[in-house]
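Everything on this sheet refers to the single structure shown next.
Values below: all heavy atoms of this structure, side chains included; hydrogens, waters and symmetry mates excluded.
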Amino acid sequence: MLNQKLVDMINAQQNFEWYSAYIYHDIANYFAEQNLSGFANWFTIQTQEERDHALLFNKYVLNNGAHAALDTIPKPDFVYTDFRMPLATALEHEYKVSARINDIYAAAYDLKDFRTMQFLDWFVKEQGEEEQNTDELLKRYDLFGSDPKGLYMLDAELGTRVYNAPSLVI
């Protein structure tokens, strides 16, 4: 059985992952409306990843005999005035996700819940990749985004990204 504190934290993280999916779907819509289909594709895939992360947290709670609680998911309220803002918003959000996962890991460590720590190991690694990929995208936009040809090429490259579902077995 999971400690109730961990159940509550993991359920909260599950809902935060759904919120992350909402944010990225909102960003994908923004870029689609700006006719940047490659950027929209990149963030649509981010949406899928966050959705799957939420489902993994949900399954972990259920597999450990606890109640997987859903909560209200707030609507993103960002207003973007340029192409860079959603990229910076995404990077800042990834830092928040990492901090939350680290907090759950710390609580599991304090409780000597090694199974939960092992489960979270994948998410810790994943968050490192998420931060790196989003930071790289922002830096590449800063390098090339002000040039229309550079923006076009970056958009075309982002359009080739494909979704790879997580292979984590719970």
Side-chain angles (χ1 to χ4, degrees), residues 1-31 39-78 85-141 158 160-170:
M1 290 288 292
L2 282 174
N3 175 283
Q4 189 59 47
K5 176 182 178 180
L6 283 177
V7 170
D8 294 343
M9 292 178 83
I10 293 169
N11 276 328
Q13 185 60 33
Q14 172 193 188
N15 285 288
F16 199 72
E17 297 289 343
W18 287 116
Y19 176 60
S20 300
Y22 269 38
I23 289 173
Y24 292 140
H25 192 62
D26 187 53
I27 293 172
N29 288 341
Y30 168 78
F31 281 120
F39 282 85
N41 176 67
W42 199 90
F43 281 99
T44 297
I45 290 171
Q46 286 302 110
T47 301
Q48 293 170 311
E49 286 188 5
E50 301 306 331
R51 177 203 62 206
D52 283 351
H53 295 170
L55 293 173
L56 288 169
F57 281 110
N58 185 86
K59 186 175 180 183
Y60 184 76
V61 169
L62 291 173
N63 285 352
N64 283 278
H67 174 68
L70 298 175
D71 203 352
T72 303
I73 302 167
K75 176 179 131 180
D77 60 355
F78 302 103
M85 285 181 68
L87 307 178
T89 297
L91 181 58
E92 191 61 35
H93 186 73
E94 288 300 336
Y95 292 147
K96 290 177 187 173
V97 172
S98 294
R100 293 172 61 96
I101 290 171
N102 289 341
D103 289 345
I104 301 168
Y105 199 101
Y109 179 83
D110 289 343
L111 294 165
K112 293 184 168 76
D113 184 340
F114 303 111
R115 183 175 16 168
T116 298
M117 290 166 55
Q118 184 179 27
F119 167 70
L120 292 171
D121 282 341
W122 183 86
F123 286 97
V124 170
K125 181 178 181 280
E126 173 71 7
Q127 278 311 118
E129 293 171 7
E130 295 285 359
E131 288 179 18
Q132 180 182 7
N133 292 339
T134 309
D135 183 55
E136 180 181 296
L137 176 56
L138 179 59
K139 287 177 179 173
R140 292 179 77 212
Y141 176 81
L158 297 176
T160 66
R161 183 181 184 199
V162 296
Y163 182 60
N164 295 311
S167 59
L168 181 63
V169 177
I170 301 173

* Asked: Side chains of Gln13 and Met9: does their closest heavy-atom pair fall under 4.5 Å?
  -> no

* **Minimum-distance pair of heavy atoms, taken over all atoms of Ala21 and Arg51** => CB-N, 4.1 Å

* Take atom OH in Tyr95; do more than 12 heavy atoms of anything else shown fall under 6.0 Å from it? -> yes

* Asked: Gln127 and Glu131: side-chain donor and acceptor closer than 3.5 Å?
  -> no

* Pairwise side-chain contact, Trp18 with Asp71, heavy-atom cut-off 4.5 Å (strictly under) -> no

* **Which atom of Ala90 lies closest to which atom of Tyr24, heavy atoms considered** => O-OH, 3.4 Å

* Distance (rounded to the nearest 0.5 Å) between Gln46 CD and His93 NE2 -> 10.0 Å

* Partner of Asp113 by side chain to side chain contact (heavy atoms under 4.5 Å, CB included), out of Leu2, Ile104, Asn3 -> Leu2

* Asked: Between His53 and Phe123, what is the ring plane arrangement, given parallel below 30°, perpendicular above 60°, and tilted in between?
  -> perpendicular

* Structure fact -> On a heavy-atom basis, the closest approach of Val7 and Ala66 is CG2-CB, 3.6 Å

* Asked: Would you find a donor on one side and an acceptor on the other, under 3.5 Å apart, between the side chain of Asn41 and the backbone of Arg161?
  -> yes

* Interatomic distance, Tyr22 atom OH to Phe16 atom CZ [nearest 0.5 angstrom] -> 14.5 Å

* **Considering all heavy atoms, the nearest Thr44-Ala28 contact** => OG1-CB, 3.5 Å

* To do: Scan Leu70, Leu56, Leu55, Val61 and name whichever one has a side chain to side chain contact (heavy atoms under 4.5 Å, CB included) with Gln14.
  => Leu70

* May I ask you to test the Ile10-Thr116 pair for a side-chain heavy-atom distance under 4.5 Å? => yes

* To do: Answer yes or no: does atom CD of Gln4 have more than 12 heavy-atom neighbours from other residues, nucleotides or ligands under 6.0 Å?
  => yes

* Asked: Hey, does Glu17 have a side-chain heavy atom less than 4.5 Å from the side chain of Ile101?
  -> yes

* Out of curiosity, Arg140 CZ to Leu87 CG, how far, rounded to the nearest 0.5 Å? -> 11.5 Å

* Structure fact -> Rounded to the nearest 0.5 Å, the CD atom of Gln48 sits from the CD atom of Glu50 at a distance of 11.0 Å

* Asked: Any side-chain heavy atom of Asp26 sitting closer than 4.5 Å to one from Tyr30?
  -> no

* Taking the side chain as C-beta and beyond, is there a heavy-atom pair between Leu137 and Leu158 under 4.5 Å? -> yes

* **Close side-chain approach of Trp42 and Thr134, heavy atoms under 4.5 Å** => yes

* **Closest non-hydrogen atom pair, Ala69 against Asn15** => O-ND2, 3.1 Å

* Structure fact -> d(Ser20 OG, Glu49 CD) to nearest 0.5 Å is 11.0 Å

* Between Asn11 and Phe57, is any pair of side-chain heavy atoms under 4.5 Å apart? -> no

* Asked: Does the pair Lys125/Glu129 count as a salt bridge with the N-to-O cut at 4.0 Å?
  -> yes

* Structure fact -> The reported gap from OG1 in Thr47 to CG in Asp52 (rounded to nearest 0.5 angstrom) is 11.0 Å

